[in-house]
2 protein chains.
Amino acid sequence: MPTAKSTLSTSDLIRATGVKVTPARMRVLELLNGAGRPLSHSDIESALVARPIDRVTLYRVLDSLVASALALKAVDTRGVYHYSAAAAHHRHSNHVHFHCTGCGGSFCLDAKPPSAPKLPRGFQLSAIAFELRGKCKSCISG
Amino acid sequence: MPTAKSTLSTSDLIRATGVKVTPARMRVLELLNGAGRPLSHSDIESALVARPIDRVTLYRVLDSLVASALALKAVDTRGVYHYSAAAAHHRHSNHVHFHCTGCGGSFCLDAKPPSAPKLPRGFQLSAIAFELRGKCKSCISG
DNA sequence: ATTCAAATGCAACTAAGTTGCATTTGAATC
DNA sequence: GATTCAAATGCAACTTAGTTGCATTTGAAT
Ligand SMILES: [Mn+2]
Ligand SMILES: [Mn+2]
Ligand SMILES: [Zn+2]
Ligand SMILES: [Zn+2]
């Protein structure tokens with residue numbers, strides 16, 4: 001008899017969204033899930049050099065993961081998109097982050113994100129971004 | 001005798017920062033000050049077609065305005081930099097804004113920006129961004 | 001008027017992201 | 001296991017945003 005599993009496998013997660021389970025999607029989603037921070041297209045390309053994925057395919061894989069809500073996409077202060085696995089992202093949605101403009105690092109802070117203010121009638125909120133920027137300890141002293 | 005002026009002229013503002021007062025800097029800063037929203041490089045290029053400024057010069061003019069704190073630079077959700085005059089920006093620094101992902105519009109809300117949480121020792125804060133995104137009334141109903 | 005660092009214009013370049021199209025493949029059906 | 005076909009991939013070409021190097025021009029100080 002099959003073992004009861006509480007966590008869904010990567011391939012199950014992908015299949016559940018209705019798209020094909022392909023090696024590229026598997027490798028990228030697993031990479032995002034293992035990463036401790038949002039990764040850019042070129043971060044991912046570098047991480048997968050061993051068996052490279054075509055540049056364009058990688059963009060399309062990332063698009064599809066975002067479209068199926070398995071990943072999230074955000075633009076950084078240099079204007080580059082960074083992707084994170086939804087599962088990993090949710091672990092960080094209860095506190096705010098500090099982004100170092102020196103080293104690019106992201107730091108978890110012990111503070112809840114602010115709640116949304118009242119919106120004008122008829123407006124529909126889809127996202128709140130609260131981001132702190134500056135220099136981290138080692139970028140100042142180092 | 002010279003008339004006492006309460007508001008500094010654009011050329012005075014530029015001169016005060018120690019850089020040369022040039023036509024390009026004048027025109028760009030005045031455009032930013034008149035604009036009701038942050039403008040991208042290409043927005044500005046389009047606005048100044050009558051007597052075009054070289055692409056590279058425009059980038060350098062914008063850099064210099066940002067360096068001398070006469071303008072601010074922020075990246076939008078498409079990864080493109082947008083510039084606003086500091087004077088115009090300060091008029092909006094006491095309340096938060098809603099950005100419509102449909103029409104690209106920016107709406108002033110009647111709510112103060114949240115204050116910064118405690119940072120770890122040795123960290124230095126340089127900017128706080130609190131941004132609400134979603135659809136505005138006319139983008140939903142229209 | 002002379003002087004020179006700062007600013008400009010132009011050509012060439014990089015990096016990020018997109019599009020079109022021919023080929024391959026996951027997975028559904030037989 | 002073989003057949004089928006939309007979905008996914010690979011590759012070439014393209015676009016848009018932004019940068020760099022260098023020769024020429026210019027703001028403003030003297
Ligand atoms: Mn975190
Ligand atoms: Mn405002
Ligand atoms: Zn740092
Ligand atoms: Zn709108």
How would you label the contact of A:V61 with the nucleic acid (heavy atoms, under 4.0 Å): base, sugar-phosphate, or nothing? sugar-phosphate
For a quick check, tell me whether the side chain of A:R60 and the base of C:dG17 share a donor-acceptor pair closer than 3.5 Å. no
Between P on D:dG10 and CD on A:E45, what's the gap in Å once rounded to a whole number? 12 Å
Should C:dT14 form a Watson-Crick or G-U wobble pair with both distances under 3.5 Å, which nucleotide is its partner? D:dA17
Starting at atom NZ of B:K20, determine the distance to atom C1' of D:dA28, rounded to an integer number of angstrom. 7 Å
When the distance from CG of A:L58 to P of C:dT18 is rounded to whole Å, what number comes out? 12 Å
Phosphate OP1/OP2 of D:dT9: any A:T22 side-chain N/O under 4.0 Å: yes
Euclidean distance, atom CZ of residue B:R25 to atom P of C:dG9 [Å, nearest integer]: 12 Å
With a 3.5 angstrom cut-off on both distances, give the Watson-Crick or G-U wobble partner of D:dT3, or none if there isn't one. C:dA28
Pick the nucleotide of DNA chain D nearest each of B:R15 and B:R55; which residue has the one closer to the 5' end? B:R55
Do the side chains of A:L132 and B:L72 join up, straight or via other hydrophobic residues, at under 4.5 Å, putting them in one cluster? no
Atom CD1 of B:I53 and atom P of C:dG9 are separated, to the nearest Å, by 8 Å
Note, A:R37 side chain near A:D43 side chain (heavy atom, < 4.5 Å): yes
Please figure out whether A:V80 or B:V56 has its closest DNA chain C nucleotide nearer the 5' end. B:V56
Send over the distance from A:Y59 OH to D:dA12 C1', rounded to a whole Å. 16 Å
Between A:H41 and A:Y59, what is the ring plane arrangement, given parallel below 30°, perpendicular above 60°, and tilted in between? parallel
d(NE2, A:H82; C1', C:dG17) in whole Å: 14 Å
Is A:R15 salt-bridged to A:D12, going by a charged N under 4.0 Å from an acidic O? yes
Does C:dG9 have OP1 or OP2 sitting under 4.0 Å from an N or O in the side chain of B:T57? yes
C:dA22 pairs with which nucleotide, Watson-Crick or G-U wobble, both distances below 3.5 Å? D:dT9
Quick check: on DNA chain D, is the nucleotide nearest B:Y83 upstream (toward 5') of the one nearest B:P23, or the reverse? Name the residue that is more 5'. B:Y83
Which of these passes side-chain contact (heavy atoms from CB on, under 4.5 Å) with A:Y83: A:L29, A:L32, A:V61? A:L32
What is the distance, to the nearest angstrom, from the CE atom on B:M26 to the P atom on D:dA28? 10 Å
